[in-house]
Amino acid sequence: MKNKLKTLFFLLPLVAGCAFSSHENMSVKQAYDSDYERFFQNVVIKEKTPYYITYEYKDVRIDELAYLASRYCQEQGGKYAYLHDTVLYRNFSRRATFDCLELQN
């Protein structure tokens with residue numbers, strides 16, 4: 001009987017500690033709740049014309065920016081977006097310029 005009681009007193013705090021720590025992990029907020037929030041915080045349009053668009057970005061991949069650029073160029077008369085250049089800018093941010101060009105028939 002004493003053995004069972006000692007085991008119970010030893011295991012009870014361990015089980016309670018595991019349950020408490022798993023509850024804490026569930027309430028931790030992720031860095032970004034959605035892709036929209038991530039884009040809103042990390043992508044800025046620096047310059048745009050009917051012929052090109054320049055984004056300043058961080059914590060976003062270039063292929064994700066290409067989708068935004070292609071939508072912009074499509075709105076500029078059905079043109080296609082082509083990556084012109086990327087430049088490392090201040091504070092670990094980058095700038096990417098996409099040209100809006102028409103394909104020849």
Side-chain angles (χ1 to χ4, degrees):
M1 181 72 178
K2 283 187 177 181
N3 246 355
K4 290 181 183 179
L5 221 66
K6 286 181 184 179
T7 307
L8 179 65
F9 285 129
F10 178 72
L11 289 178
L12 187 61
L14 290 177
V15 172
C18 292
F20 182 72
S21 67
S22 67
H23 177 68
E24 282 181 3
N25 291 338
M26 291 173 30
S27 65
V28 173
K29 184 181 176 203
Q30 298 296 321
Y32 301 106
D33 288 336
S34 67
D35 284 338
Y36 176 77
E37 182 182 345
R38 183 170 58 93
F39 272 68
F40 185 71
Q41 290 180 4
N42 296 314
V43 177
V44 178
I45 297 174
K46 285 299 183 179
E47 190 174 356
K48 63 180 178 177
T49 69
Y51 307 106
Y52 67 91
I53 186 164
T54 301
Y55 295 103
E56 184 173 308
Y57 65 98
K58 60 183 176 185
D59 197 25
V60 176
R61 296 188 329 251
I62 192 73
D63 63 320
E64 293 172 322
L65 277 181
Y67 175 72
L68 293 177
S70 67
R71 288 192 57 189
Y72 173 77
C73 291
Q74 189 67 30
E75 293 171 359
Q76 302 304 314
K79 298 177 182 178
Y80 293 91
Y82 292 94
L83 179 63
H84 180 75
D85 65 353
T86 59
V87 178
L88 185 61
Y89 202 64
R90 294 183 254 185
N91 297 330
F92 301 107
S93 64
R94 297 179 182 271
R95 285 196 176 180
T97 302
F98 290 89
D99 292 331
C100 296
L101 303 173
E102 292 181 24
L103 291 179
Q104 295 181 357
N105 291 333

Hphob cluster co-occupancy, Phe39 + Tyr57, side-chain heavy atoms under 4.5 angstrom: yes
Hydrophobic cluster of Val44, others only, ordered by chain and residue number, side-chain cut-off 4.5 Å: none
For Ile45, side chain to side chain contact (heavy atoms under 4.5 Å, CB included) partners two or more places apart: Lys48, Ile53, Tyr55
Results of side-chain hydrogen bond (donor to acceptor under 3.5 Å, both in side chains) for Arg61 - residues two or more places apart only: Asp63
Sub-4.5 Å side-chain heavy-atom contact between Lys79 and Leu101: no
Asp85: side chain to side chain contact (heavy atoms under 4.5 Å, CB included) partners, not counting sequence neighbours: Val87, Thr97
Remaining members of hydrophobic cluster (4.5 Å side-chain criterion), Tyr52: Tyr51
Distance, nearest 0.5 Å, that separates CD of Glu75 from SG of Cys100: 10.0 Å
Which residues share a side-chain hydrogen bond (donor to acceptor under 3.5 Å, both in side chains) with Gln76, sequence neighbours left out: none
Reported CG-to-OG distance for the pair Leu88 and Ser93, which is rounded to 0.5 angstrom: 7.5 Å
Hphob cluster co-occupancy, Val43 + Ile62, side-chain heavy atoms under 4.5 angstrom: yes
Residues clustered with Tyr36, ILVMFWY side-chain links under 4.5 angstrom: Phe40
Residue pairs, two or more places apart or on separate chains, that pass salt bridge (Lys or Arg N to Asp or Glu O under 4.0 Å) and touch residues 87-103: Glu56-Arg95
Which donor-acceptor pairs under 3.5 Å do side chains of residues 65-74 form with protein atoms, sequence neighbours excluded?
{"from": "Ser70", "atom 1": "OG", "to": "Ala66", "atom 2": "O", "distance (Å)": "3.3"}
{"from": "Ser70", "atom 1": "OG", "to": "Tyr67", "atom 2": "O", "distance (Å)": "2.8"}
{"from": "Tyr72", "atom 1": "OH", "to": "Thr49", "atom 2": "O", "distance (Å)": "2.7"}

